[in-house]
Colleague: 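Starting off with a structure, shown below.
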Amino acid sequence: MQRTIRQVIHARRQLEGGGFQVRRPLPAAGMRTVDPILLIDEMGPVDYRPGEAVGAPDHPHRGFETVTYMLAGEFEHRDSAGHAGRINPGDVQWMTAGRGVVHSEMPSAQIMRDGGLVHGFQIWVNLPARLKMTAPRYQEIDAARIPEARSADGLARVRVIAGEALGVTARIDTHTPFVYLHWILQPGAAVQQPLAADHNGLLYVFQGEIEAAGTALKDGQMGVLGAGDTIAFTVPETATGETHMLLLGGVPLNEPVVQHGPFVMNTEAEISQAIRDYQMGRMGQIQHS
Ligand code: MN
């Protein structure tokens with residue numbers, strides 16, 4: 001059964017963290033989550049001049065996962081669990097905050113000093129109640145190790161970050177079933193992508209345009225998918241240039257979501273506990289060299 005687009009949402013431009021520019025399709029007015037997806041931030045694209053770049057210095061997280069996917073520029077992540085990693089263009093870092101980390105996400109020293117183009121995504125994936133206090137975990141996949149596939153006619157290419165597409169399976173292990181696909185589409189491309197009936201799903205176009213089930217989605221628009229087990233999308237023959245789109249989906253948790261900034265739990269009491277634990281230093285500290 002073909003899925004339809006049941007709602008179209010326009011991403012809003014806003015400032016996040018230490019003041020970096022994002023386009024944010026989720027959450028939106030009237031749409032708090034697409035369960036289990038809590039947030040989608042498109043970072044930039046922004047071309048910083050020397051000394052202008054900004055990031056998100058030390059801040060806590062508990063109860064969910066942050067997934068960072070860079071397209072241009074590099075970010076350096078550090079946290080209180082002793083982890084430090086550099087995310088280069090095309091790389092993915094899938095961080096399970098679980099019971100809590102203090103996190104720092106800054107553009108590379110070179111971008112901080114010399115400026116440069118920064119473009120990427122960070123999405124937040126909720127954890128089920130039984131995993132909210134799990135140990136922090138990192139999965140880092142270099143660009144070269146992210147599986148890719150191409151359609152027989154060569155007009156559609158997909159980077160498979162989570163889930164499966166065009167017969168290719170992702171390397172990332174997810175706590176609950178999740179699909180994260182980056183589609184790169186030429187004019188005239190036509191794709192039929194299975195998305196299991198028990199998944200919620202969405203499309204987010206961040207360059208160019210597509211048409212899915214009679215609905216057009218343009219740059220900066222998210223389409224929330226209706227029920228079904230397949231989504232078909234095409235790029236008009238008349239389109240100019242490449243289209244880039246994320247297809248995200250997951251099995252809904254169907255649990256209460258109580259969020260206080262960087263803490264996402266199931267009850268107010270758990271949020272109060274998270275704030276206390278952070279204030280008491282129980283999420284640790286980043287050792288800055
Ligand atoms: Mn963070």
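In each ligand, atom 1 is the first atom listed, and ligand 1 is the first ligand listed. In what follows, residues are counted from 1 in the order of the sequence shown. Not measured: the values here are computed from a predicted model.
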Colleague: Please determine whether a side-chain nitrogen of the Lys or Arg among Arg137 and Asp173 lies less than 4.0 Å from a carboxylate oxygen of the Asp or Glu.
Modeller: yes
Colleague: Does Asn266 use its side chain to pair, donor to acceptor, with the backbone of Pro256 at less than 3.5 Å?
Modeller: yes
Colleague: Taking 2.8 Å as the upper limit, name the protein N, O or S atoms near the Mn ion (ligand 1).
Modeller: His59 NE2, His61 NE2, His103 ND1, Glu105 OE2
Colleague: Mind checking ring pair (Phe, Tyr, Trp, His ring centres under 6.0 Å) for His199 and listing every partner two or more places apart, or none if nothing turns up?
Modeller: none
Colleague: What about Phe206 and Phe121, are their ring centers closer than 6.0 Å?
Modeller: yes
Colleague: Determine yes or no for a side-chain-to-main-chain donor-acceptor pair under 3.5 angstrom, with Ser104 supplying the side chain and Pro57 the backbone.
Modeller: no
Colleague: Would you mind checking if Asp219 and Arg23 are paired as a salt bridge, meaning a charged N to carboxylate O distance below 4.0 Å?
Modeller: yes
